[in-house]
Amino acid sequence: MELINFSKANCRSCYKCLRSCPVKAIRIKNDQAKIDEKRCVTCGQCLKVCPQNARKIKSDIYKIKNAIKSNRTVLAIVAPSFAGAFELKFPGQLAASLKILGFDKVLEVALGAQLVTKLYNDYVNENHNENYITTSCPSINHLIQTYYPSLINYLIPVDSPMIALGKILKRNFDNCFITFIGPCYSKKFESVEDDTIGIIDAVLTFDELSKWLDENSIVLNELEPVSFDDEADYTGRLFPVPGKLDIAFKNNADFNYDYISADGIDRCIELFKSIEDGNLNKVFIEALACRGGCINGPAMPKNDTDYFVRQRNIIKYIKTNTSNLKAACLENINDIDFCKTFKDKSLNKTLYNEEEIKQVLRKMGKNSPLDELNCGVCGYNTCREKAQAVLDGMAEINMCIHYIRNKAESITNVVFETSPNAIFTLDEDFLIKDFNPASEKMFNIKYEDIKDKPVCMIMDDNDFYKVKNTKENIIGRKVSLSEYDLVVLENIIYLQNHGVFLVIINDITMQEKSKGELARVKEKTIDAAQAVIEKQMRVAQEIASLLGETTAETKVILTKLKAIALGEVNDNK
């Protein structure tokens, strides 16, 4: 099920998402980024860093609004990091806002965390594993199941706080609709897993909630606070802050493991590799996918509040005196199964031989180890890692910026050096900066003799001033360079952002000479045709004259013959 991905319209192939992805689960094809769900650990960091905001996220907000309109009991369970996500004077102001939006009851997910902390303690006391890894973060669970399956046995088989609380509420409220509200996208995936589907009906991120509140003109810190319908104790509110879970184990006399807190996928990867290599043992690991913990989740509202302000606000919320509270929903729950199972989801990665890797490297212009810059701009740490990704169909050759630049420079140089047209560039003071061989030939001067000299030394510079002042390029203007006995087409393009003039001069002298010769041939042809016409006219006139004389003589003779025939004229006369 595709819950998160990138918008095709906005993706600009900057590869920032790939650089941020610790497991390289983003496929680049036809310059479009797309998340590969089999490789993805659902941390959402790629969406958080996208400079184009090319995020495509499946929203449950319409489903929630429809549930509110129905006759179902609609419950909101809020992650404890809410205290750092919103500007609040009192925690109860968030509960008040959710009641205004239409939720029947609002509870803290910290209730589930409170229960999970107890279940962690119970599991550690009842088992004697070499190591333990917490399982409240779905992204960490995905990471281990997909990339470190050898560590699955160290995962504590307990539901996350969200699922644990969801199971309790589903039992306590008939036909209820439960919405989890929190700072991460991974909860969207967790809510639709095979063994959790149907427990959480909708997931709303803090970012989505912030926009919903804005749509309804609800200003949180102006609301009269109301109490959550059930509140958690101190231990349940510790979960968003890295390292705080250790407090929950300090009173456990049987806890003789070294406590390690790792926040950020990259740090967790380093830690898990160390365990795999046998460098660490007898450790209890609190693992969180986000650097800085849930306080820094990718779906926090887009505001100006920095991490440390959020951290301070959450610590204040944690210290709220709830030590005497006893959560009603956590009573009589022994009949509920809070066990979680984990599976090996490792990828069947193809191992390519050295020649296959080198073949891809050569296509990228990496013909020797010295060419392998390992700059990481493409998103991969090394050129060889990138070559492997190309073979896997996850990356493309042209993602290498150095390859593209060298290719572009090569083509540019070929065009510049071999073009039959004169091509040169000027700075804004009209000093010549580049001058190709065709320019040398046209103006009969060497580049070294004209470099950094004013263009007026080889041609009139009035057109250049005109282009600079009007910002209107000259394209295809016919100019006569009489001193060179040339007729040319002049192209002056002002690259204002770069402070450069690009000049392309096309020699059309031969074409112009050919045009003149053709005009002369046409003129001679017309003159000859006119002479023939005039001669023909004279001949016609002469023939007509002769015909006129003979006709008159014939008329006289015939008239006489007619008279004789009629006896009107004496034949002897």
Side-chain angles (χ1 to χ4, degrees), residues 6 11-36 38-41 45-46 49-51 146-148 264-267 269-270 272-274 276-277 279 346-419 423 425 433-438 440 447-448 451 498 500 502:
F6 297 99
C11 185
R12 294 292 183 269
S13 303
C14 66
Y15 312 131
K16 193 170 184 178
C17 57
L18 186 54
R19 289 195 294 275
S20 74
C21 180
V23 295
K24 307 307 174 194
I26 296 170
R27 186 188 306 274
I28 306 294
K29 188 172 183 179
N30 299 326
D31 295 325
Q32 170 67 44
K34 183 176 176 63
I35 296 171
D36 186 325
K38 290 183 179 179
R39 297 169 181 256
C40 181
V41 296
Q45 291 301 315
C46 58
V49 302
C50 178
T146 306
Y147 296 95
Y148 300 94
I265 293 273
D266 54 341
R267 289 175 175 172
I269 287 175
E270 184 178 357
F272 297 155
K273 284 180 178 177
S274 184
E276 274 195 331
D277 294 341
N279 298 325
S346 55
L347 305 170
N348 295 320
K349 297 192 72 174
T350 304
L351 297 177
Y352 300 97
N353 60 43
E354 184 65 16
E355 183 52 37
E356 288 173 311
I357 296 290
K358 285 184 176 180
Q359 188 175 0
V360 176
L361 289 171
R362 285 194 291 269
K363 288 180 180 178
M364 293 192 296
K366 316 294 182 183
N367 297 308
S368 73
L370 293 176
D371 297 325
E372 297 175 26
L373 301 180
N374 302 324
C375 64
V377 174
C378 66
Y380 292 94
N381 296 321
T382 67
C383 295
R384 294 180 69 83
E385 187 180 337
K386 157 75 179 302
Q388 171 88 26
V390 171
L391 291 168
D392 284 337
M394 295 294 292
E396 296 178 321
I397 295 290
N398 60 8
M399 288 166 59
C400 177
I401 191 170
H402 302 285
Y403 164 75
I404 292 296
R405 187 182 69 185
N406 292 337
K407 185 176 179 180
E409 288 177 351
S410 175
I411 293 173
T412 301
N413 289 337
V414 169
V415 171
F416 187 78
E417 294 294 328
T418 63
S419 174
I423 303 174
T425 61
K433 293 299 178 184
D434 298 292
F435 208 67
N436 76 336
E440 293 181 329
Y447 172 47
E448 53 266 26
K451 183 181 179 183
H498 301 278
V500 171
L502 173 63

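Below, each value reflects all heavy atoms present in this structure, side chains not excepted, and no hydrogens, waters or symmetry copies.
- With Thr425 contributing its side chain and Asp434 its backbone, the two residues share a donor-acceptor pair below 3.5 Å.
- The shortest side-chain heavy-atom distance between Arg39 and Thr146 does not fall under the 4.5 Å cut-off.
- Note that the CD1 atom of Ile35 and the SG atom of Cys21 stand 8.0 Å from one another [nearest 0.5 Å].
- Taking both residues in full, the closest heavy atoms of Phe435 and Glu440 are given as CE2-N, 3.6 Å, listed atom of the first, atom of the second, then distance.
- Residues Tyr147 and Val41 form a side-chain contact, since some pair of their non-hydrogen atoms from C-beta on lies under 4.5 Å apart.
- In this structure, the separation between CG on Leu347 and CG on Asp392 is 9.5 Å, given to the nearest 0.5 Å.
- How far CD of Gln359 is from CE of Met364: 12.0 Å, rounded to the nearest 0.5 Å.
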>> Using the rule given for side chain to side chain contact (heavy atoms under 4.5 Å, CB included), can you reason through Met394 versus Asp36, listing the C-alpha separation, both sets of side-chain angles and the distance that settles it, and then say yes or no?
In response: CA-CA 9 Å; Met394 295 294 292; Asp36 186 325; 3.8 Å; yes

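- We find the SG-CZ distance between Cys378 and Arg19 to be 9.0 Å, quoted to the nearest 0.5 Å.
- Proximity of a side-chain donor or acceptor of Arg384 to a complementary backbone N or O of Asn374 within less than 3.5 Å is not detected.
- Around atom NZ of Lys433, more than 12 heavy atoms belonging to other residues, nucleotides or ligands sit under 6.0 Å away.
- Nearest heavy atom pair, residue Cys46 against residue Ser20, reads CA-OG, 3.5 Å.
- The environment of Gln32 atom CD is dense: over 12 non-hydrogen atoms of other residues, nucleotides or ligands sit within 6.0 angstrom.
- Looking at heavy atoms from C-beta onward, Cys383 lies in side-chain contact with Leu361 at the 4.5 angstrom threshold.
- Looking only at side-chain heavy atoms (C-beta outward), Leu391 and Thr350 stay at 4.5 Å or farther from each other.
- Ile401 CD1: 12 or fewer foreign heavy atoms inside a 6.0 Å radius.
- With values rounded to the nearest 0.5 angstrom, Leu18 atom CG is found 5.0 Å from Lys24 atom NZ.
- With a 4.5 Å cut-off on side-chain heavy atoms, Met399 and Lys386 count as touching.
- In this structure, CZ on Arg27 lies 12.5 Å from SG on Cys40, to the nearest 0.5 angstrom.
- Tyr447 has its side chain out of reach of Asn436: every pair of non-hydrogen atoms, C-beta onward, lies at least 4.5 Å apart.
- Counting heavy atoms from C-beta on, the side chains of Tyr15 and Val377 never come closer than 4.5 Å.
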>> What verdict does the side chain to side chain contact (heavy atoms under 4.5 Å, CB included) test give for Ile26 and Phe6, after you've listed the backbone C-alpha separation in whole Å, the side-chain angles of each residue and the deciding distance to 0.1 Å?
In response: CA-CA 10 Å; Ile26 296 170; Phe6 297 99; 4.2 Å; yes

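- Residues Glu396 and Asp31 meet the side-chain proximity criterion, which asks for heavy atoms closer than 4.5 Å.
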Which donor-acceptor pairs under 3.5 Å do the side chains of residues 365-373 make with protein atoms, sequence neighbours left out?
{"from": "Lys366", "atom 1": "NZ", "to": "Asp371", "atom 2": "O", "distance (Å)": "3.4"}
{"from": "Ser368", "atom 1": "OG", "to": "Leu370", "atom 2": "N", "distance (Å)": "3.4"}
{"from": "Asp371", "atom 1": "OD2", "to": "Asn367", "atom 2": "N", "distance (Å)": "3.0"}
{"from": "Asp371", "atom 1": "OD2", "to": "Ser368", "atom 2": "N", "distance (Å)": "3.2"}

> Are Tyr403 and Lys363 close enough, and set up right, to give a side chain to side chain contact (heavy atoms under 4.5 Å, CB included), and what steps lead you there?
Replying inline: CA-CA 9 Å; Tyr403 164 75; Lys363 288 180 180 178; over 6 Å; no

